[in-house]
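First the structure, in the form of structure tokens, and then the observations on it.
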Amino acid sequence: MAVRNLDGTQHHIHLKAGDIGGYVLLPGDPGRCEVIAKYFDEPQFVAQNREYVTYTGTLLGEKVSVTSTGIGCPSTAIAVEELAAIGAHTFIRVGTSGGIQPGTHTGDVAVVTGAIRDEGTSLHYMPVEFPAVADMDVVLALKAGAERAGIPYRLGITQSKDSFYGEIEPERMPVSEHLLERWKAWVMGGAVCSEMESAVLFILSSMYRKRASGVMLMSCSMDMAPKTEAEIAEAASLFDIHRAIRTAIEGLKVLIQNDKAKK
Amino acid sequence: MKESEIKYHIQMKQGDVGRYVLLPGDPGRCDLIAQSFDDAKLVASNREYRTFTGTLLGEKVSVTSTGIGGPSTAIAVEELIQIGADTFIRVGTSGGMQPEQIPGELAICLAAIRDEGTTMHYMPPEFPAVADMETTLAIREAAEKLHVPYRVGITQSKDSFYGQHQPERMPIADRLQQRWKAWKMGGAICSEMEASTLFVLGNIYRKRTGGVMLIAANQESKDPNAGVVEKLDDVIAVAIESLKILIEHDRRAAGK
């Protein structure tokens, strides 16, 4: 399937079968892999190449891994292709995002059910009309994970975009009207958060019959922007990636238990 | 727009339907589905829109036909929402898309391929047509409870029936065949003509939507003897049971 190196490892992620578990957490930032791996039992550093860092350990006795994807769908597609080729069957994206719906508090998490394909990579695989949709059982497990971790959550659609600054500062882009008009449509459609990798993860997972969803830490929606110094300090302390990681780890445990019960 | 007004196409006003509505395509199937309600009464019939209202577990429920395709479905859903409906389950027939699917099984629609024109009048095509999770779970629970074989997955909602069944005779044959191949590789489990519109409108208006389809035939089947199943008993029974599950769930959530 994917391209291999002479030593038998996958071309970009530098991993081979046996190096990872079937369950893989996918942060964007390589620096977060070590942080996430600390939640595993017996975590081991396995490989690092470019933006791809991998640790493998166990949870409830089951082999699990964390591999970073880098920012954006192009590098995420490569990671998912190569991980699927060496035995990964379940992907949970863990990351940060911007909250979209009015009333969203900083530090709440989004459990992602589907993604807006506002990016170019998945069009190299599948016509645009095909829905980027998460796996229902993974979504349910992550929802249970948020409840167990006691983190307020929203279930819903994420916008997966290619341009970070196009979202943050649309007015300075040559295509500003286009960006603003589409953003309005995503808000009206109920999208809960905005990030940059989920859409391609979901499209590839549908194609390869793998399971995927994601947990995103959200920053507040514009109407909830902190004003006083105390509010700003509180928001900063709540924008803590550990809230998303705890949700993902608790959710992954629920999923592992459910999978074992089915066997 | 006032709720008390009679809506232009469906010819109904507030009070004529329950919040829970089943949506078949075929007006002729409304009568059949209404037989599973308690105290079902014909409420209105205009164009392809035929509605019966009755009760399930003492809760008011309705069935309204959408006609074939996204355009007439969008009108039905818009007007039903305006008179108070908030939970929709599409009930219909479809063709299988994966070789192992057996006619007679059900497809529970998690999301839909927007292979149609109507939703482009609402939302850019990158937006996923996803069903409501709670509704989809209720349908899955109903299928489990009634021991009806099912699969959960993506449906292709297309605008052209004959473009799917006889692509070779269309001027854009190559494009149709190429896209069909992509949908199959993506794991789509059934092909019908209304779900994507229902799901996109459900997201816009924050209403609950789901879909359950009978796999009536499977042109991709490995089994040359795989026939055609037109018996709607199972798909209707599962849709009715799903509504009961949602009604009970909603009552628990409301502390009743």
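Chain A is the first sequence line, chain B the second, and so forth, proteins listed ahead of strands; every chain is numbered from 1. None of these values were measured; they are calculated from a predicted model.
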Evaluate whether atom [atom1] of [X] has more than 12 neighbouring non-hydrogen atoms of other residues, nucleotides or ligands under 6.0 angstrom away.
X        : atom1 : value
B/Arg175 : CZ    : no
A/Leu123 : CG    : yes
A/His89  : NE2   : yes
A/Lys260 : NZ    : yes
A/Ile71  : CD1   : no
B/Met120 : CE    : yes
B/Gln178 : CD    : no

(message) Quick check on the interface: out of B/Leu137, B/Val200, B/Leu201, B/Thr119, who has the most heavy-atom pairs with chain A under 4.5 Å?
(response)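 Most heavy-atom pairs within the cutoff with chain A belong to B/Leu137.
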(request) Report the option among B/Ala112, B/Gly186, B/Gly187 that has the most heavy-atom pairs separated by less than 4.5 Å from atoms of chain A. (result)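 Of B/Ala112, B/Gly186, B/Gly187, B/Gly186 has the most heavy-atom pairs under 4.5 Å with chain A.
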(request) Side chain from CB out, backbone as N, CA, C, O: work out which of these in B/Glu134 comes under 4.5 Å of a heavy atom of chain A, or both, or neither. (result)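 For B/Glu134, neither part sits under 4.5 Å from chain A.
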(message) Does A/Lys143 form a side chain to side chain contact (heavy atoms under 4.5 Å, CB included) with B/Met133? I'd like the steps, not just the answer.
(response) CA-CA 11 Å; A/Lys143 179 171 169 265; B/Met133 187 69 53; over 6 Å; no
Under a 4.5 Å heavy-atom cut-off, does chain B meet the side chain of [X], its backbone, both or neither?
X        : result
A/Ala134 : backbone
A/Val139 : side chain
A/Met126 : side chain

Determine the minimum heavy-atom distance between [X] and [Y], stating which atoms define it.
X        : Y        : result
B/Pro124 : A/Ala185 : CD-CB, 3.8 Å
B/Asp115 : A/Glu129 : N-CB, 4.1 Å
B/Ala182 : A/Pro127 : CB-CD, 3.8 Å
B/Val130 : A/Gly114 : CG1-CA, 4.5 Å
B/Lys184 : A/Arg209 : O-NH2, 3.3 Å
B/Glu126 : A/Val128 : CG-CG2, 3.8 Å

For chain B, the option from [options] that forms the most heavy-atom pairs under 4.5 Å:
options                      : value
A/Asp135, A/Thr113, A/Asp137 : A/Asp137
A/Ile203, A/Leu155, A/Leu140 : A/Leu140
A/Gly156, A/Gly190, A/Ser205 : A/Gly190

(request) With the side chain counted from C-beta on, respond yes when B/Phe127 and A/Gln159 share a heavy-atom pair under 4.5 Å apart, and no when they do not. (result)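 Answer no - side chains too far apart.
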(request) Drop me the distance from B/Met123's CE to A/Ile116's CD1, to the nearest 0.5 angstrom. (result)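 Result: 7.0 Å between the selected atoms.
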(message) Using 0.5 Å steps for rounding, measure from the OH atom of A/Tyr208 to the CE atom of B/Met185.
(response)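 If we round to the nearest 0.5 Å, A/Tyr208:OH and B/Met185:CE are 7.5 Å apart.
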